[in-house]
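Quick caveat, the model's predicted, so the values are computed rather than measured. Every number for a ligand or one of its atoms is a count from 1 in the order of the listing.
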Amino acid sequence: QQVALPKDPSLPPVVFHYIPWFGSAAYYGMDPYKFMFECRDRYGDVFTFILLGRRMTVALGPKGNNLSLGGKSTHVSAEDAYTHLTTPVFGKGVVYDCPNDMLMQQKKFIKHGLTTEALQSYAELMVKEARAFFANHLKATKESGPVKVNALETMADMVVLSASRTLQGKEVRDSMSTRFAKLLEDLDKGFTPLNFMFPNLPLPSYRRRDRAQKEMSDFYLSIMEKRRSGEHDHEHDMIAALQGSVYRNGVALTDRDIAHMMIAILMAGQHTSSATSSWFLLHLAHNTELADKLYAEQVKFFGNPDGSFRDMTYEETKTLPLMDACIRETLRLHAPIHSIYRAVKQDIPVPPSLSAPSESQTYVIPKGHFIVAAPGVSQMDPKIWDNATEWKPSRWLEDGGVAKAANEQYQAGEKVDYGFGVVSKGTESPYQPFGAGRHRCVGEQFAYLQLTVLVAEVIRNYKLKLVADEFPKTNYQTMIVLPLDPYITLERR
Ligand code: HEM
């Protein structure tokens with residue numbers, strides 16, 4: 001590769017490419033991390049690459065994350081970057097199909113459905129779902145020896161069942177085995193990198209996406225109507241939490257808005273949590289010593305004298321050091337979202353501390369580019385983490401370990417010092433699997449609860465082993481970073 005300098009020296013360097021419009025699409029699409037680490041070595045923390053005609057400027061490291069995720073809404077826009085992908089799937093009027101200020105208020109409404117009280121009741125329901133899942137679906141393991149399963153598919157099923165029983169509500173859970181699952185599949189197939197690059201192609205999958213969106217939205221409307229008419233019990237779920245929410249200007253959420261927000265929540269949590277929990281299981285299957293320690297933690301906290309386990313409460317899910325460290329470490333190595341995009345609406349000056357070519361000259365990321373944050377790069381940066389590519393939960397537990405200290409400070413809401421300069425709980429951080437700034441995830445606590453309950457249920461009942469000799473490779477061809485060939489065996493303990 002050579003450096004193709006832009007004509008204007010105030011612009012970041014452009015990654016060399018052979019085909020003008022196509023640019024670096026193939027390399028970035030195949031392995032975005034390898035691409036970005038290599039580009040960093042060659043061009044520094046800030047560089048531009050061409051992606052099917054778009055100019056994507058990557059800003060790496062904690063300061064780069066801050067530039068994008070902490071950017072002012074006058075300078076960077078998530079809605080301009082994503083609406084063509086998300087609006088056909090979620091529906092109109094919400095998330096990125098409305099002004100940013102409305103999304104901020106919608107996120108507050110969602111938080112009302114995720115109070116401690118709500119999470120306590122969700123914990124109970126999740127435990128029941130997880131137990132029933134294994135009782136129904138993996139009965140075979142009781143009679144025969146180890147059973148081969150696809151960890152990703154298994155966890156995706158558990159995630160959707162547990163999320164539907166809790167956040168989504170009883171009616172959604174009850175229809176999970178019927179039409180709803182098919183609608184979800186069709187929506188999923190409309191939520192791919194292809195849809196991101198080409199919002200409107202005359203393909204059957206696009207038509208199925210649009211039909212599924214309409215049918216699912218109507219389904220949520222019918223739930224709300226039935227609840228109002230007293231035909232259904234009123235549940236303490238997200239639909240109930242959203243009903244009656246009113247924007248600051250006095251306008252209430254309509255049923256249609258709520259339906260579309262419910263679809264957005266479903267999509268936001270499904271693949272992120274399935275991917276994370278399946279990577280987690282794969283690491284346990286690979287590192288059986290650690291799996292035994294995690295089992296011992298379950299026995300210590302929840303074991304009954306007869307060898308059975310008691311159910312855990314929401315509060316208890318937050319007191320398990322090893323479980324917590326494993327989740328943190330899995331999200332460090334396998335951040336489900338490898339690139340976070342924003343459309344640049346006004347020129348962004350790049351601070352001199354971030355890759356200035358010389359003392360007298362700094363870069364500007366111009367209006368019209370996309371700015372790309374890749375928290376996964378700083379999460380795997382060998383300059384920041386010891387044995388950066390190794391799955392090592394102990395780094396979050398060891399005394400004197402920077403990750404442990406940082407974690408404790410973070411939990412206490414303090415400024416976090418990762419040992420290489422003070423970073424805050426905010427946007428300038430090397431660890432951001434849930435994003436940062438105004439678009440930060442509102443589902444983190446729910447996700448932690450779900451991951452803890454589901455993985456605990458697996459580890460309490462089964463010994464895990466990888467089927468292949470090698471640890472599974474990564475699939476970057478999907479919107480969410482997924483494991484390839486994620487096969488494990490489950491053997492009843
Ligand atoms: C935003 C990750 C689970 C709802 C985000 C963002 C990330 C993220 C990186 C920031 C996106 C951006 O800046 O453009 C994750 C991970 C999860 C997870 C790793 C699980 C392991 C969930 C769940 C829910 C949820 C369970 C719903 C309960 C949302 C919402 C946003 C968001 C509403 C805000 C989008 C915005 O403001 O633009 N998530 N998420 N997420 N997430 Fe999550």
**OP:** Begin from the C-alpha positions of L454 and M126 and carry the test side-chain contact (heavy atoms from CB on, under 4.5 Å) through to its verdict.
**Re:** CA-CA 8 Å; L454 301 188; M126 265 183 206; 5.5 Å; no

Original post:
Where do K214 and D210 land on the salt bridge (Lys or Arg N to Asp or Glu O under 4.0 Å) test, with the steps shown first?
Top reply: CA-CA 6 Å; K214 168 97 183 47; D210 296 344; over 6 Å; no

Original post:
Hey, is K182 close enough to D186 for a salt bridge, meaning N to O under 4.0 Å?
Top reply: yes

Original post:
Does R173 pair with D237 as a salt bridge, N-O distance under 4.0 Å?
Top reply: no

**OP:** Decide, yes or no, whether a salt bridge links E297 with K293 under the criterion of side-chain N to carboxylate O below 4.0 Å.
**Re:** no

Original post:
What protein heavy atom sits nearest atom 12 (C) of ligand 1, and how far away is it?
Top reply: R342 NH2, 3.4 Å

Original post:
Between Q106, K107, M261, which one has a non-hydrogen atom sitting closest to atom 34 (C) of ligand 1?
Top reply: K107

Original post:
Do T57 and Y363 have side-chain N/O donor and acceptor atoms under 3.5 Å apart?
Top reply: no

Subject >> Protein contact to atom 21 (C) of ligand 1 [nearest heavy atom, distance to 0.1 Å] >> reply: T276 OG1, 3.6 Å

Original post:
Taking atom 4 (C) of ligand 1 as the point of reference, which of A268, A447, G437, S274 owns the nearest heavy atom?
Top reply: A268

**OP:** Provide, to 0.1 Å, the distance between atom 26 (C) of ligand 1 and the closest protein heavy atom, together with that atom's residue and name.
**Re:** G269 CA, 3.6 Å

Original post:
Which atoms of ligand 1 have any heavy atom of F446 under 4.0 Å away?
Top reply: 26 (C)

Original post:
Going through the distances and angles, do H283 and F471 end up as a ring pair (Phe, Tyr, Trp, His ring centres under 6.0 Å)?
Top reply: CA-CA 8 Å; H283 280 294; F471 191 77; 4.4 Å; yes

Subject >> S273 neighbourhood, listing ligand 1 atoms whose heavy-atom distance to it stays under 4.0 Å >> reply: 20 (C)

**OP:** Consider ligand 1: state whether an atom of it lies below 4.0 angstrom from any non-hydrogen atom of A78.
**Re:** no

Original post:
How far is atom 17 (C) of ligand 1 from its nearest protein heavy atom, and which residue and atom name does that atom have?
Top reply: T272 CB, 3.4 Å

Subject >> Heavy-atom nearest option to atom 30 (C) of ligand 1, drawn from V442, I480, L69 >> reply: V442

Subject >> Enumerated ligand 1 atoms positioned under 4.0 Å from heavy atoms of I265 >> reply: 27 (C), 28 (C)

Original post:
Just wondering, more than 12 heavy atoms not from Q445 lying within 6.0 Å of its CD?
Top reply: no

Original post:
How far is atom 28 (C) of ligand 1 from its nearest protein heavy atom, and which residue and atom name does that atom have?
Top reply: L167 CD1, 3.6 Å

Original post:
Which protein heavy atom lies closest to atom 2 (C) of ligand 1, and at what distance to 0.1 Å?
Top reply: P433 O, 3.5 Å

**OP:** Measure the distance from atom 32 (C) of ligand 1 to every protein heavy atom, then report the residue, atom name and distance (to 0.1 Å) of the closest one.
**Re:** C441 CA, 3.4 Å

Subject >> T154-D157 side chain donor-acceptor pair, cut-off 3.5 Å >> reply: no

**OP:** Mark up the atoms of ligand 1 that fall under 4.0 Å of a heavy atom belonging to I340, in ascending order.
**Re:** 12 (C), 13 (O), 14 (O)

Original post:
Hey, is D174 close enough to R165 for a salt bridge, meaning N to O under 4.0 Å?
Top reply: no

**OP:** Decide, yes or no, whether a salt bridge links E457 with R131 under the criterion of side-chain N to carboxylate O below 4.0 Å.
**Re:** yes

Original post:
Taking heavy atoms and a distance under 4.0 Å, where does Y96 meet ligand 1: side chain, backbone, both or neither?
Top reply: side chain

Subject >> CA sep, side-chain torsions, deciding dist, call: Y122, Y314, side-chain contact (heavy atoms from CB on, under 4.5 Å) >> reply: CA-CA 8 Å; Y122 294 165; Y314 170 59; over 6 Å; no

**OP:** Heavy-atom distances under 4.0 Å are what count here, so tell me which part of F434 touches ligand 1: side chain, backbone, both or neither.
**Re:** both

Original post:
Any idea which part of Q450 is under 4.0 Å from ligand 1, heavy-atom wise: side chain, backbone, both or neither?
Top reply: neither

Subject >> Verdict with reasoning, F49 to Y27, per ring pair (Phe, Tyr, Trp, His ring centres under 6.0 Å) >> reply: CA-CA 11 Å; F49 70 95; Y27 193 0; over 10 Å; no

Original post:
So which bit of V95 gets within less than 4.0 Å of ligand 1, heavy atoms only: side chain, backbone, both or neither?
Top reply: neither

Original post:
How close does the nearest protein non-hydrogen atom get to atom 11 (C) of ligand 1, and which residue and atom is it?
Top reply: H439 O, 4.0 Å

Subject >> Which of the ligand 1 atoms, numbered from 1, are nearer than 4.0 Å to a heavy atom of L103 >> reply: 36 (C), 37 (O), 38 (O)

**OP:** Show which atoms of ligand 1 fall inside a sub-4.0 Å distance from at least one heavy-atom site of P336.
**Re:** 19 (C)

